[in-house]
Chemist: 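For reference, the structure I am asking about is given below.
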Protein chains: 2
Amino acid sequence: MDDGSESGDAGAADSAPVAPAFEAKLHADGVTFGADDAALLRAIDDAGSLNAAADDLGRSYSRAHKRLSQLEAAFGSLLASQRGGTGGGGSTLTERARALLARFERLRSGLTGVAEVAETVLPGEVVDRTGEIATVETGAGRLRALAPPDAMSVFVTIRADTVTLQDADGAPPAAETSARNRFRGTVRTVERGESVATVTVDVGADPPLVALVTARSSDLLGLEPGMAVVASFKTTATRATPRA
Amino acid sequence: MDDGSESGDAGAADSAPVAPAFEAKLHADGVTFGADDAALLRAIDDAGSLNAAADDLGRSYSRAHKRLSQLEAAFGSLLASQRGGTGGGGSTLTERARALLARFERLRSGLTGVAEVAETVLPGEVVDRTGEIATVETGAGRLRALAPPDAMSVFVTIRADTVTLQDADGAPPAAETSARNRFRGTVRTVERGESVATVTVDVGADPPLVALVTARSSDLLGLEPGMAVVASFKTTATRATPRA
DNA sequence: CGGTGTTGTGTCGGTACCGACATAACGTTT
DNA sequence: AAACGTTATGTCGGTACCGACACAACACCG
């Protein structure tokens, strides 16, 4: 489209590595607390003054101050400032600011999990629906998932960290646990890291089910290719998104 | 997720309700595909032409076209355009564009889960660590979670949709499942919706453990206040974030 | 009592982005 | 052959944001 002059890397348009990402936000009273704001608060905590913090971040003091006024209007008092005094004064974070930072960090951490963890996505058709929960017919059989109200042809996404594995023998009856989706399968691969192992399980579907377990669990269960296991995951943790 | 209505800070009437949010992105080759871009592609799919799509969105054609050039440079061919012809031409989405949209929607859906689902956060101290996995001492006992490498004093976040409940009787031995964190407790409250139930379980910790199960599971297990249950969750699904 | 470095507040330019507009190329339909 | 509505491309002005700068108020210290 735009480059009539063919340059070297433009030809390899087919293999574009696309990576998921996100930006966490905390919304209150019309203003949103974002990553920049978190960085600003942390810089103030480190430097002890708004001035030095803005300097460290390469931002202007006036903008930083103006931004903090907006934030405090929405989130409440964030920093205890003192002008004059030894060293001319300074600013320290309030407890509320620390709580806000902690909450932001928790959100960011949780979102990071979703963005980075492996997942298996299965195409399927909704065959039944009660409220937000749909029963979906997939290559591996029927499973239940949270689904938007109008979708019929869907993708079901199963995050690897929500799949728990059990030995096929000694598996408890299905009625006694709240994990409603259960599939018998055989372990295909085990990729064991230092503390975490990624396991793929053949459950009859086109892409195998991928599960993320601790290395400890992998050892305790004796996971190895060919082993018969039961993979289970909660329906409230698996989501369907519209296809087509 | 718990909002500002925390325990004892009664005097702080100016606490605005703070809501988590996010912005999903797909990153490739330096440019990021965001919500606006997804809306643009969907509008093109609906309208059949870039011109009409930009008009529908209230955006200018030139900007939309320029943006699409950037996107195609990074993500590959996104739309099959034809100028001249019936109605003057038009543009339709390529298969790659549809896949990109689907992937974006899956990401958005997964992130929505994290942002909206209730969670319980427990303060604790890291007492052991092997790789990315830390053992944390909390008010409810020891549990394992993914943790950043340097944190000692942490918050442990347990998403409600990752907690599975079982009848305290008939619970299988711990060694036979890959859900390493298990806590005995008693059901405190059950809030049953049409298809989903939110259950709080007293496990000895200050904030009770909150679990999100299907209404079906709630009925099958016969969940009601006072009932003894076992709550279990995978360590690969629970995350620790630095405190202090 | 002046020195110091900060907070608090306002104003002034520069820049980057965006919408509006103009124009060429194009191919089917009339 | 003319008409039509689109794609494709470039230019121009306006606006919103941001950094730079100026200046008053302040409180502790030497």
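Here is the naming used below: chain letters follow the sequence lines, and residue numbers restart at 1 for every chain.
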Chemist: Quickly work out the A/D36 CG to D/dC17 C1' distance and round it to whole Å.
Modeler: 14 Å
Chemist: Whole angstrom is fine here: how far is it from CZ in A/R59 over to P in D/dA20?
Modeler: 12 Å
Chemist: Grab the CG-C1' distance between A/D55 and D/dC21 for me, whole Å please.
Modeler: 15 Å
Chemist: On DNA chain C, does the nearest nucleotide to A/Q82 precede the nearest nucleotide to B/S60 from the 5' side, or the other way round? Give the residue.
Modeler: A/Q82
Chemist: Whole-Å distance between C/dC18 P and B/L68 CG?
Modeler: 14 Å
Chemist: Hey, does A/L26 have a side-chain heavy atom less than 4.5 Å from the side chain of A/R103?
Modeler: yes
Chemist: Hydrogens and angles aside, do A/E125 and A/S153 bring a side-chain donor and acceptor to less than 3.5 Å of each other?
Modeler: yes
Chemist: For A/N51 and C/dT6, what is the distance between atoms CG and P respectively, to the nearest whole Å?
Modeler: 5 Å
Chemist: Flag the pair A/R159 and A/E119 as a salt bridge only when some basic side-chain nitrogen lies within less than 4.0 angstrom of an acidic carboxylate oxygen.
Modeler: no
Chemist: Between the protein and nucleotides 8-13 of chain C, are there any N/O to N/O pairs under 3.5 Å, and if so, what are the atom names and distances?
Modeler:
unit_1: C/dG8; atom_1: N7; unit_2: A/Y61; atom_2: OH; d: 3.3

Chemist: Is there a side-chain hydrogen bond (donor to acceptor under 3.5 Å, both in side chains) between A/E191 and A/T198 once you walk through the steps?
Modeler: CA-CA 5 Å; A/E191 189 178 335; A/T198 302; 5.4 Å; no
Chemist: Return the set of residues passing salt bridge (charged side-chain N to carboxylate O under 4.0 Å, His left out) with A/R83 (not counting sequence neighbours), or none when no residue passes.
Modeler: none
Chemist: So, do B/L100 and B/L78 sit near enough that their side-chain heavy atoms are less than 4.5 Å apart?
Modeler: yes
